[in-house]
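Report on the following structure.
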There are 2 protein chains.
Amino acid sequence: MTDLSIGELSRRVAVKVPTIRYYEQIGLLPVPPRTEGRQRRYGAQAVSRLRFIRHARDLGFEVEAIRELLSLSAMPEQPCEPADRIVLRHLESVERRIEQLSLLRAELRHMLDDCTHGQVRECRIIQVLADHEQCRHEHGRTV
Amino acid sequence: MTDLSIGELSRRVAVKVPTIRYYEQIGLLPVPPRTEGRQRRYGAQAVSRLRFIRHARDLGFEVEAIRELLSLSAMPEQPCEPADRIVLRHLESVERRIEQLSLLRAELRHMLDDCTHGQVRECRIIQVLADHEQCRHEHGRTV
DNA sequence: GTACAATCTCTAGCGGCTAGAGGTTCAAGA
DNA sequence: TCTTGAACCTCTAGCCGCTAGAGATTGTAC
């Protein structure tokens, strides 16, 4: 396999061209060799590193976490516990987020249920926004 | 009730001072009157408008949606259907987000379950990131 | 040789704030 | 009345993870 241009790499890994350059800029991807005309050329290693990054981003890891995971993956003899901790930390934040959003969903559903589909004057949606205390009181929930 | 300084408004509505100035800047809050020394002073109307904004932000509405909701709330004789639609649209996006995050959560849990807590060399977490195909195959899921 | 797609660098923008510098005003206490 | 000093002011820049665009250069297929 010959080296890839940034566009070919982009198509192969499904990461946009400016994003690849951005990853290089922030040090997630190493500086690649260039052609005489200063265009980037990527080898197999860059492909798998970028794939790693993309999968981690798909799983919602932050760039800093990915940086740590990448450097761990380069140390095969170390214990994998630090990687474990990173994943656990992320899982917990995802779980917290899901809980928050579930509360939100309930709240929004109530708003829609209560709406009488009449005029703004008597619209519960607008009323709830204008005076949230009322909402809490009526539904007996703490928001 | 006399007019409030921006700090008093901030404490009363639980919105930070720079955020209030930001809302003014983007036109969510009207330009308030000033003292002779150019300090902002807020009346009761500003308090309730800011409360409205805060509740809507707490419910995850984007600024543009809030702008629409605010202008609807100023037209009590109009049908409330547009407000309805905004809330529904938001609810749907919250629901989509919850679904995405639930898939993510499952994925992360699998990663942790599969981890043998040994060396990075044999760590499933790192392997899954390095080669996602393997993961899909083993769990029989499409990610 | 020529056309033109792809690449290059650089800067700015997105949303929704937040932080800090450096200067001014207000209000309470002496 | 004067003096602190907390609160206010404006302005710019930064956060995250990209994305978009301008304007110039390079690579490649015909």
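Letters A, B, ... are given to chains in the order of the sequence lines, protein chains preceding strands, and every chain is numbered from 1. Note that these values count all heavy atoms, side chains included, but never hydrogens, waters or copies made by symmetry.
Residue Ile6(B) is in sugar-phosphate contact alone, with no base atom involved, counting any heavy-atom pair closer than 4.0 Å across all strands shown. Nucleic acid contact class of Arg34(B) (heavy atoms, under 4.0 Å, all strands): sugar-phosphate only. Using a 4.0 Å heavy-atom criterion, one finds that Phe61(B) contacts no nucleic acid atom at all.
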(request) Begin with the C-alpha distance, continue with both residues' side-chain angles, and end with the deciding distance and a verdict on salt bridge (charged side-chain N to carboxylate O under 4.0 Å, His left out) for Glu64(A) and Arg67(A). (result) CA-CA 5 Å; Glu64(A) 277 320 300; Arg67(A) 217 185 281 279; 3.0 Å; yes
(message) Evaluate Glu95(A) against Arg109(B) for side-chain contact (heavy atoms from CB on, under 4.5 Å), listing each step before the verdict.
(response) CA-CA 11 Å; Glu95(A) 285 171 343; Arg109(B) 282 179 179 163; 2.8 Å; yes
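With rounding to whole Å, Leu50(A) atom CG is found 14 Å from dC18(D) atom C1'. Between the CG atom of Asp58(A) and the C1' atom of dG17(D) there is a distance of 14 Å, given to the nearest Å. When rounded to the nearest whole Å, the span between CG of Asp3(B) and P of dC26(C) equals 14 Å. The nearest whole Å value for the distance from the CD1 atom in Ile66(A) to the P atom in dC18(D) is 8 Å. The distance between atom CD1 of Ile26(B) and atom P of dG15(C), rounded to the nearest whole Å, is 9 Å. Here dG16(C) presents its P atom at 12 Å from CD1 of Ile53(B), a figure rounded to the nearest Å. Summarising the geometry, the separation between CD on Glu64(B) and P on dG16(C) is reported as 8 Å, rounded to the nearest angstrom. In this structure, the CZ atom of Arg54(A) is 16 Å from the C1' atom of dG17(D), given to the nearest Å.
Looking only at side-chain heavy atoms (C-beta outward), Ser102(B) and Ile98(A) come within less than 4.5 Å of each other. Looking at Leu108(A) and Phe61(B), their side chains come closer than 4.5 Å, going by heavy atoms from C-beta outward. Taking the side chain as every heavy atom from C-beta outward, Glu24(B) and Pro32(B) approach each other to under 4.5 Å.
If you check dG16(C), dC9(D), dT7(C) against the side chain of Glu62(B), the one that comes closest is dG16(C). Distance from the side chain of Tyr22(B) is smallest for dC17(C) among the nucleotides dG17(D), dT7(C), dC17(C). Proximity note for Lys16(B) (side chain, C-beta onward) versus dC8(C), dT25(C), dT18(C): the nearest is dT18(C).
A residue-by-residue look at Arg41(A) and Arg38(B) shows that Arg41(A) has its nearest nucleotide of DNA chain C further toward the 5' end. Toward the 5′ end of DNA chain D lies the nearest nucleotide of Gly37(B), the other residue of the pair Gly37(B) and Gln25(B) mapping further downstream.
The side chain of Arg21(B) places an N or O atom within less than 4.0 Å of a non-bridging phosphate oxygen (OP1 or OP2) of dC9(D). Remark: Thr19(A) is in phosphate contact with dT19(D), judged by side-chain N or O atoms under 4.0 Å from OP1 or OP2. Within the structure, a side-chain polar atom (N or O) of Thr35(B) is placed less than 4.0 Å from OP1 or OP2 of dC26(C). At least one side-chain nitrogen or oxygen of Tyr23(A) sits closer than 4.0 Å to the OP1 or OP2 atom of dC18(D). Between Ser5(A) and the phosphate of dA6(C), there is no side-chain N or O to OP1/OP2 separation shorter than 4.0 Å. Listed pair Arg40(A) / dT9(C) meets the phosphate criterion, a side-chain N or O lying under 4.0 Å from OP1 or OP2. In terms of phosphate contacts, Arg57(B) brings a side-chain nitrogen or oxygen within less than 4.0 Å of OP1 or OP2 of dC17(C).
Closest non-hydrogen pair, Asp3(B) versus Glu8(B), comes out as O-OE1, 4.1 Å.
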